[in-house]
Amino acid sequence: MNYDLLLQSDHWLSLNYSKTFIRAISMSISDPSAAQTPLLDDTIDGCLDYKGRPVRRSSSGCWISASFIIVVEIAERFAYYGISSNLITYLTGPLGESTATAAAQVNAWNGAASLLPLLGAFIADSFLGRYRTIILASLVYILGLGLLALSATLGSISSSGGQNADDIALSSSLQFQVILFFSSLYLVAFAQGGHKPCVQAFGADQFDTQDPEECKAKSSFFNWWYFGMCAGTLTTLSILNYIQDNLSWVLGFAIPGIVMAVGLVVFLLGTMTYRYSVKGDEESPIVTVGRVFILAVRNRKTSYSAIAAEEEARGILATESSKQFKFLNKALLAPDGSKEQGEVCSIREVEEAKAVIRLAPIWATSLIYAIAFAQSSTFFTKQGATMDRSTAMMGFEIPAASLQSFISLSVVLFIPIYDRIFVPLARALTGKQAGITLLQRIGSGMVISTISLVIAAVVEMRRLKIAEEYGLLDKPNVMVPMSVWWLVPQYALYGLADVFTMVGLQEFFYDQMPNELRSVGLALYLSIFGVGSFLSSFLISAIENLTSGDGRDSWFANNLNRAHLDYFFLLLAVLSAVGLTLYVCCTKYYIYARWGRTF
């Protein structure tokens, strides 16, 4: 079993594939009976096995391989949400930051973690390949989580120094702890940037889109992928947050590292079953798409009549796609207007560039959804921390961050209903393979998200009213006598919105990108939430500055009984409605890529 072959270049794999294919043809010529063997009939174009041989459909890929990959994703989500879900509590607790500052820090980190996949996807698609990038990113992930646990250990040592401890030493120790903590935190974000886009793309690669059954299975894969993600998240929020709040932050940060290590081992166990995409000597697809834009700009003075003549010469039939973004068709000609001199782009390269630019309006109009999504781990958590979290169990209180588990629980409950009931019924009505189009699915989630924000605002108004009735406006540390179960509807609707929008965006940005750029496509999907987190951080800072002057309490005052999160939630609901309107307008002009879905 030669695992070292996996570490060699994709070019070598391509050559090995060619040699194997030639040998098989030679055998069939010399021995006609060999032609009857199922080897070639069972192989999949463009894929190899772990030894660099043509991969057989019957013994590779599909759900067996996808299961190993889903396990490592569950482990990664357990680790990621083990940090992010309760991060605001750690920042406002052991590190002593204000609510607004901590919320901005959380959004900034989430933003970085969601934007770094663009870099990770570029490295994977252009250099390392998805398999090796996943392994490398997992190792860095484990290192970052280990250092995070170490930083929490330093905090425990400092806090146990007692009254006789040297103040200067404590101050120096705290400073070092903060530096180590944020360095480790962003190391985790960097690792997640390489891990996140590659794992999902690698999982989807295990299904052959040329096979009708596997193509249908791939659509279900995105649903069950998100199901697995949320199962890992639900476990984190149910168990890990309690450990962090009541037992130890050190243990709470160490457990995700252990789980991540186990997930990496499981991923490696599936090595022999995976399908590895072949990458030849062709240049990076990112460079190819970039050249289309460069040539189009250089040919900006070329008349459209010359372009029409070139299209006619190449036998290009007028289609909706060819008529859209006609400016890019100028890349079909060399800068001097001829096709004999200079570099020209092929029709497919131009279509790939158009596919990328078509995604821009969908990406932009999804940002408001991402801003709303960022609130579940910040202000929703702080909101719940002020309420009655007691349960029927004696002395047990629900950790505020664990309330996010209702999002995951909602997803876990609804995805099987969506995949097994809703899709078949919708398919029977519409005749579409997935029941509804991807853009319809995304838009449906945006509607549900807007409703959730309105409910969140109403619940917050009631919480503030009860706090006033009981004279608790200036007693932020006293529990507001309002059950935390009032927050369940807004969390549950967030989960339902995720089933539609999050899963829809994942499949959309994978499906509509050229095959060679699908890791980048998933990175673009993640970047929606990265930019959304940064915009949320900017919005919070701007509102904090506008509403905190002249001795007034801001919307995000540390004393939430004097704050106005209800105003903020209503503002987000209005912005979401505006974003949804713009999104619907953009979908009317969207043309599905020919290599993706045509519905």
Side-chain angles (χ1 to χ4, degrees), residues 84-108 110 237 241 244-245 371-390 397-404 406-407 452-491 494 533 536-573:
S84 68
S85 64
N86 216 14
L87 183 57
I88 193 168
T89 304
Y90 188 78
L91 293 176
T92 55
L95 294 190
E97 293 186 350
S98 67
T99 299
T101 301
Q105 290 274 20
V106 172
N107 285 326
N110 282 327
L237 298 173
N241 290 156
Q244 291 170 344
D245 285 351
I371 294 174
F373 177 81
Q375 310 315 314
S376 63
S377 61
T378 53
F379 291 124
F380 279 16
T381 300
K382 296 300 290 184
Q383 188 183 20
T386 68
M387 301 170 71
D388 182 7
R389 293 177 282 120
S390 60
E397 283 192 349
I398 302 172
S402 292
L403 294 170
Q404 296 172 61
F406 288 106
I407 296 178
S452 177
L453 287 168
V454 173
I455 292 175
V458 173
V459 171
E460 177 61 9
M461 290 176 186
R462 177 173 175 79
R463 191 192 69 82
L464 292 175
K465 183 178 180 181
I466 292 176
E468 183 179 8
E469 289 175 352
Y470 282 81
L472 301 178
L473 292 182
D474 296 313
K475 298 177 181 179
N477 296 323
V478 177
M479 178 194 70
V480 176
M482 177 179 176
S483 175
V484 76
W485 299 110
W486 279 87
L487 299 180
V488 171
Q490 66 199 57
Y491 277 111
Y494 255 50
S533 291
S536 176
S537 180
F538 171 78
L539 187 62
I540 290 169
S541 298
I543 293 174
E544 173 76 7
N545 292 330
L546 289 172
T547 61
S548 61
D550 301 326
R552 295 174 299 170
D553 291 308
S554 76
W555 287 9
F556 313 116
N558 290 336
N559 178 3
L560 288 188
N561 296 337
R562 288 286 184 182
H564 276 292
L565 293 182
D566 52 339
Y567 295 171
F568 182 60
F569 295 151
L570 285 174
L571 174 63
L572 289 180

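Just so it is clear, the structure is predicted and the values come from calculations on it, not from any experiment.
In this structure a side-chain-to-backbone donor-acceptor pair under 3.5 Å is present from S541 to S537.
Using cut-offs of 30° and 60° for the angle between ring planes, the Y494 and F380 rings count as tilted.
Rounding to the nearest 0.5 Å places CD of Q375 at 5.5 Å from CD1 of I540. Summarising the geometry, atom NZ belonging to K382 is positioned 14.5 Å from atom CE belonging to M387; distances are rounded to the nearest 0.5 Å. For the atom pair CD1 (I371) and CZ (F538), the distance works out to 10.5 Å, reported to the nearest 0.5 Å. Between the OG atom in S554 and the NE2 atom in H564 there is a gap of 10.0 Å [rounded to 0.5 Å]. One distance of note links CZ of F568 with CG of L572; it measures 4.0 Å at 0.5 Å rounding. How far OH of Y470 is from CG of N561: 13.5 Å, rounded to the nearest 0.5 Å.
Here the side chains of F569 and V459 are not in contact, with every heavy-atom distance at 4.5 Å or above.
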Ring pair (Phe, Tyr, Trp, His ring centres under 6.0 Å), that's the test. Do F556 and F379 meet it? Break it down for me.
CA-CA 9 Å; F556 313 116; F379 291 124; 4.8 Å; yes

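Here the closest heavy-atom approach between residue L473 and residue L464 is recorded as CD2-O, 4.5 Å. Nearest heavy-atom pair across S84 and N110 is CB-OD1, 4.0 Å. The minimum heavy-atom distance linking W555 with I543 is given by the pair CE3-CG2, 3.4 Å. Here the shortest heavy-atom pairing between V480 and L472 reads CA-CD1, 4.0 Å. Between T386 and R463, the shortest heavy-atom distance links the atoms OG1-NH1, 3.1 Å. Taking every heavy atom of both residues into account, L487 and G384 meet most closely at CD1-CA, 3.5 Å.
In summary, the side chains of E460 and Q490 do not present any donor paired with an acceptor at a separation below 3.5 Å, with no hydrogens or angles considered.
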